Amino acid sequence: MLALGKLLELTLAGREPTEKIQLTREGARLHWLGEGVLEVTPTAQDDSGLDLLLSAGIHGNETAPIELLDRLLQAVASGQLLPRARILFLLGNPEAMRRGERFVEQDINRLFDGRHEQSSGFEALRANELERFAAAFFSKEGRARLHYDLHTAIRGSKIEQFALYPYVEGREHSRAELARLRAAGIDAVLLQRKTGITFSSFTYARLGAEAFTLELGKARPFGQNQQVNLDLLEKRLRELVENCEPQADSLDGMQLFAVSREVIKHSDAFKLHLPADIENFTELAPGFLLAEDIAGTRWLVEEQGARIIFPNPKVKNGLRAGILIVPTTL
């Protein structure tokens, strides 16, 4: 296998390859662009016209998706998988990956769409770097653009595999992309209603890609992901890479949700009235006192069928400490 197929091994070791460009025996080009970043270019006759950005490790302790990308890249490098798409493999936060931690100083996934310019430190620099890699990759005209940013969650979830679909005013969410996700084993999608500051929001809003944050189970250390079943997603990604994807048009069984409200933590006085181990998608009854903050600020559940996702009272002041969502339709 080509040495550049060992992107994960090199990244965890903090090493750079001697050769930055290598060719597979079929003629596909592997190009090391920087730490944790490798571009695969198919031969001209094999090119399907798809530019596919696959990112993982934005949070360094979310290892199942990192291992998935490692398997895909090794299959390309060894000739077991013939790439017919341009692919950018991107490991988001190498230092946090090496430490086995979510982040080093601050959450990279709250620093996109220019937010890094208002901050400093390692993660701010890396967010800027990731934006530049993505913008360069998606700079070719007339090509389909797709970005999957792969994650696992801090906590358990009543719906284990779900996606967040970013928002841009005037741009409709794609039923075809939702069907593609359904075929990949995604059981629910949160249709966002405002522009965000995550990596997938940046590529969707600024670079014109179809883009999704995929939550794929619970975060575990490297080598301990046997309970995270990514078989359907891996199969679909292989089909995308090889341009042999079966047509998907069914949303049967997929639950759709919309953001009703974000719970923003304003001060150190913030209190979230939920158990520490509450699962994502837990339903909350109308009238429930969800949270309190300084100056008498209170969040009461008013919505029918409301559920909570990403509750986290430990975020920095000014960031969201949870999202209230409700069932919706396209």
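Note that the coordinates shown come from a computational prediction; the quantities given were computed from them, not determined experimentally.
Residues Leu8 and Val37 do not share a hydrophobic cluster, clusters being chains of Ile/Leu/Val/Met/Phe/Trp/Tyr side chains in contact below 4.5 Å. Residue Leu88 is not grouped with residue Ile66 when hydrophobic side chains (ILVMFWY) are merged at heavy-atom distances under 4.5 angstrom, including chains of intermediate members. Side-chain heavy atoms closer than 4.5 Å link hydrophobic residues (I, L, V, M, F, W, Y) into clusters, and following such links, even through other members, never connects Phe202 to Tyr148.
When all heavy atoms are compared, the tightest approach of Ala291 to Leu272 is CB-CD1, 3.9 Å. Ile264 and Phe270 make their closest contact through O-CE1, 4.2 Å (heavy atoms, listed as atom of the first residue, atom of the second, distance). In this structure, Arg171 and Ala209 approach most closely via the heavy-atom pair NH2-O, 2.8 Å. Heavy atoms only, all atoms of each residue included: Ile197 and Arg110 are closest at CD1-O, 3.4 Å. Considering every non-hydrogen atom in both Asn109 and Asp107, the closest pair reads N-OD1, 2.8 Å. Closest of all the heavy-atom pairs between Ala3 and Gln22 is N-OE1, 3.2 Å.
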Evaluate the salt bridge (charged side-chain N to carboxylate O under 4.0 Å, His left out) criterion for residues Asp47 and Arg143: first the C-alpha distance (whole Å), next the side-chain angles of each, then the deciding distance (0.1 Å), finally the verdict. CA-CA 11 Å; Asp47 194 342; Arg143 298 179 63 85; 3.0 Å; yes

Checking Ser174 against Glu210 for the side-chain hydrogen bond (donor to acceptor under 3.5 Å, both in side chains) test, could you report, in this order, the C-alpha distance in whole Å, the side-chain angles of both residues, the deciding distance, and whether it holds? CA-CA 8 Å; Ser174 165; Glu210 287 291 349; 4.5 Å; no

Between Asp149 and His147, is a side-chain hydrogen bond (donor to acceptor under 3.5 Å, both in side chains) present by the stated rule, with each step listed? CA-CA 6 Å; Asp149 186 30; His147 175 202; 4.5 Å; no

Please step through salt bridge (charged side-chain N to carboxylate O under 4.0 Å, His left out) for the pair Arg126 and Glu123, ending with a clear verdict. CA-CA 5 Å; Arg126 183 62 171 174; Glu123 268 98 0; over 6 Å; no

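Listed for the Thr63 side chain is a donor-acceptor partner under 3.5 Å among the backbone atoms of Pro221. Side-chain N or O atoms of Thr41 include none that pairs as donor or acceptor with a backbone N or O of Arg86 at under 3.5 Å. The backbone N or O of His116 sits nowhere less than 3.5 Å from a side-chain atom of Ser119 that would complete a donor-acceptor pair. Of the possible polar contacts, none joining the Arg320 side chain to the Glu262 backbone as a donor-acceptor pair under 3.5 Å is found. Counting only distance, with no hydrogens or angles, the side chain of Gln106 and the backbone of Ser120 share a donor-acceptor pair below 3.5 Å.
Using a 4.0 Å cut-off between charged nitrogen and carboxylate oxygen, Arg206 and Glu131 do not count as a salt-bridge pair. Taking a cutoff of 4.0 Å between a charged side-chain nitrogen and a carboxylate oxygen, Glu95 and Arg98 qualify as a salt bridge. Salt-bridge check for Glu245 with Arg180: passed, with a basic side-chain N closer than 4.0 Å to an acidic carboxylate O. By the 4.0 Å N-to-carboxylate-O rule, Arg182 lies close enough to Asp187 to be salt-bridged with it. Glu160 has no carboxylate O lying under 4.0 Å from a charged side-chain N of Lys218, or vice versa, which leaves the two without a salt bridge.
The 12-atom threshold is exceeded at CG of Leu289, counting heavy atoms of other residues, nucleotides or ligands nearer than 6.0 Å. With a 6.0 Å radius and a threshold of 12 heavy atoms from other residues, nucleotides or ligands, Gln118 has its CD atom above the threshold.
Rounding to the nearest 0.5 Å gives a distance of 7.0 Å between CG of Asn243 and CZ of Arg84. In this structure, the separation between CH2 on Trp32 and CD on Glu35 is 6.5 Å, given to the nearest 0.5 Å. One finds the CZ atom of Phe222 at 5.0 Å from the CG atom of Leu12 (value rounded to the nearest 0.5 Å). To the nearest 0.5 angstrom, Ile186 atom CD1 is 13.0 Å from Gln255 atom CD.
Side-chain atoms of Leu53 and Phe199, non-hydrogen and from C-beta on, do get closer than 4.5 Å to each other. At a threshold of 4.5 Å between non-hydrogen side-chain atoms, the residues Asn61 and Glu101 do not count as touching.
The aromatic rings of Tyr165 and Phe212 sit tilted, their planes meeting at an angle between 30° and 60°. Between Phe162 and Phe310, the angle of the ring planes lies from 30° to 60°, which puts this pair in the tilted group.
Counting only residues at least two apart or in different chains, side chain to side chain donor-acceptor pair (under 3.5 Å) contacts with residues 275-286 comprise Lys158-Glu279.
When only modelled atom types and interatomic distance are considered, Ser157 and Glu215 share no side-chain donor-acceptor pair under 3.5 Å. Neither side chain, Ser201 nor Asp113, offers a donor N or O lying under 3.5 Å from an acceptor on the other.
In summary, of the residues considered (Val228, Leu54, Leu73, Leu233), a side-chain contact (heavy atoms from CB on, under 4.5 Å) with Leu68 occurs for Leu233 alone.
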